[in-house]
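Note on naming: letters A, B, ... go to the chains in the order of the sequence lines (proteins, then strands), and numbering restarts at 1 for each one.
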Amino acid sequence: MKLYVKDFDLKQSITSGQFFRYEFKNDYYYIILKDRIVKIKQIDDYIIVDSNNMRNIKETVESFFSLDIDYNKINDILINKDNSIKDIIRASIGYKIQRMDPFETVISYIISANNSVNNIRNCVNKISNKYGKKILFENNYYYLFPTKEELKNITLEELIEMKLGFRAKYVKIIIDKINSNEFDLDIINKMSSKEALSYLMKENGIGLKVASCILLFSYSRYDVYPIDIWVKKIMKERFNIEKEKDIKEYMENKYKDYSGLVIQYLFNYKRNIQ
DNA sequence: GGGCAGGTCTAAG
DNA sequence: CTTAGACCTGCC
């Protein structure tokens, strides 16, 4: 299927480092979504899409890449506000935040704590390969990220064997809590971003940064901004702002509802472009 | 072989 | 409320 897309940069979006489950093969990105494998490449203002399940494929792809959100409009607002990061916003034109599945994001980002990207990806893949649904697509097998039900019986020992290290216990506990409804991923939709942050941060293994990633990446809360080492680096370098407290103040005073998107632009610039 | 990687917890002031 | 240390593991 061929789909017209405006101001979209597939490569920049998918390789930005937010989403762990994709591979690049023969010109195409193979993306493992919640319920299917999507094969996708971009040619100018079009994307070519194939999948093992073409039902609602347009909506699925548009939703995943946030194509329903008018980034041009937001970028104009940000640049008009002040032009101190105009070049950084410009450098990220076409970059879209990917709307990830909440359950997958919670687990993946708990694993991300003080970890390397390669290690995180390995852990997520090991969990998926053992417990996720097996999908045959183009003569290859792929494994979806498991549902909460599929992970119901995973043990702490298995998670340790999968090299989650000290994060294994956090993952085990949150899976149990989600399955017993002691922790509810749906209720977050009804909360303000501030409420949702403290709700998430009550859980062991979820601090401010991970909670912010969850809200920004899987609940489209653009007013929530994960501060990580890349953001800290560029804030120091460019504005001589070093303390986390001061970065928070800067974001909340200046960019408010779009702090999360601005943070992603800063992150993307420092990690992937500069 | 020590240090570090997309942080968080804990214990202490 | 702020801050130093420890923490699984793999890779350099």
| query | Tell me, which pairs form a ring pair (Phe, Tyr, Trp, His ring centres under 6.0 Å) where one or both residues lie in residues 185-206 of chain A, sequence neighbours left out? | reply | A/Phe183-A/Tyr199
Interatomic distance where [atom1] belongs to [X] and [atom2] belongs to [N] [whole Å]:
X	N	atom1	atom2	value
A/Ile120	B/dT8	CD1	P	12 Å
A/Ile206	B/dT8	CD1	P	9 Å
A/Met201	B/dT10	CE	P	13 Å
A/Leu200	B/dC9	CG	P	12 Å
A/Trp230	B/dA5	CH2	P	8 Å
A/Asn119	B/dC4	CG	C1'	12 Å
A/Leu197	B/dT8	CG	P	11 Å
A/Asn122	B/dA5	CG	C1'	14 Å

Roughly how far, to the nearest 0.5 Å, is [atom2] of [Y] from [atom1] of [X]?
X	Y	atom1	atom2	result
A/Tyr29	A/Ile47	OH	CD1	13.0 Å
A/Ile227	A/Ser212	CD1	OG	7.5 Å
A/Lys11	A/Ser16	NZ	OG	12.5 Å

| task | Would you indicate what A/Leu208 reaches in the nucleic acid, counting non-hydrogen atoms under 4.0 angstrom: base, sugar-phosphate, or nothing? | result |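 Sugar-phosphate contact only.
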| message | Is there a path of hydrophobic side-chain contacts, each under 4.5 Å between heavy atoms, that joins A/Met54 and A/Leu67? | response | yes
| said: Let me check something: do A/Val210 and A/Tyr219 share a hydrophobic cluster, defined by ILVMFWY side-chain heavy atoms less than 4.5 Å apart, either directly or through other members? | reply: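 Linked, A/Val210 and A/Tyr219 end up in one cluster.
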| task | Kindly write out the residues that satisfy side chain to side chain contact (heavy atoms under 4.5 Å, CB included) with A/Arg121, not counting sequence neighbours, or none if the list is empty. | result |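 Once residues adjacent in sequence are excluded, the partners of A/Arg121 under the side chain to side chain contact (heavy atoms under 4.5 Å, CB included) criterion are A/Tyr22, A/Val117, A/Asn118, A/Asn125.
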| Who pairs with A/Glu182 by side chain to side chain donor-acceptor pair (under 3.5 Å), at least two apart in sequence or on another chain? |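 Result, side chain to side chain donor-acceptor pair (under 3.5 Å) vs A/Glu182: none returned.
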Which residues in [range] have at least one heavy atom lying under 4.0 Å from any atom of DNA chain B?
range	answer
residues 243-254 of chain A	none
residues 209-219 of chain A	A/Lys209, A/Val210
residues 156-180 of chain A	A/Phe166, A/Tyr170

| said: Please give the remaining members of the hydrophobic cluster of A/Ile37, linking ILVMFWY side chains under 4.5 Å, ordered by chain and number. | reply: A/Tyr28, A/Tyr30, A/Ile32, A/Ile43, A/Ile48, A/Ile135, A/Phe137, A/Tyr142, A/Leu144
| query | Which other residues end up in the same hydrophobic cluster as A/Leu156, if Ile, Leu, Val, Met, Phe, Trp and Tyr are linked when side-chain heavy atoms come under 4.5 Å apart? | reply |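 A/Leu156 clusters with A/Ile160.
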| message | Both A/Glu203 and A/Phe19 contact DNA chain B. Which one's nearest nucleotide lies toward the 5' end? | response |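 It is A/Phe19 whose nearest nucleotide is closer to the 5' end.
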| Taking the nucleotide of DNA chain B with the closest heavy atom to each, which residue, A/Lys202 or A/Val117, is nearer the 5' end? |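 On the 5' side of the pair lies A/Val117.
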| Which of parallel (below 30°), tilted (30 to 60°) and perpendicular (above 60°) describes A/Tyr250 and A/Phe239? |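 Because their plane-to-plane angle lies in the 30° to 60° range, the rings of A/Tyr250 and A/Phe239 count as tilted.
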| message | Under the rule for salt bridge (charged side-chain N to carboxylate O under 4.0 Å, His left out), what residues qualify as partners of A/Asp101, not counting sequence neighbours? | response | A/Lys34
| task | For the pair A/Asn83 (side chain) and A/Lys86 (backbone), establish whether a donor and an acceptor sit closer than 3.5 Å, ignoring hydrogens and angles. | result | no
| task | Both distances under 3.5 Å, Watson-Crick or G-U wobble: on that basis, could you give the dot-bracket string for DNA chain B, with [ ] for crossing pairs and | for other-strand partners? | result | .||||.|||||||
| task | Would you list the pairs meeting side chain to side chain donor-acceptor pair (under 3.5 Å) in which at least one residue belongs to residues 38-54 of chain A, sequence neighbours left out? | result |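 The answer is A/Lys39-A/Glu138.
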| query | Going 5' to 3' on DNA chain C, which nucleotide is the first and which the last to come under 4.0 Å of a heavy atom in chain A? | reply | C/dC7 to C/dG10
| message | If you count every heavy atom of other residues, nucleotides or ligands that lies below 6.0 Å from A/Lys236 atom NZ, does the total exceed 12? | response |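 Count not over threshold, so no.
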| message | Does this structure show an ion pair linking A/Glu203 with A/Lys177, if we count only N-O contacts that are shorter than 4.0 Å? | response | yes
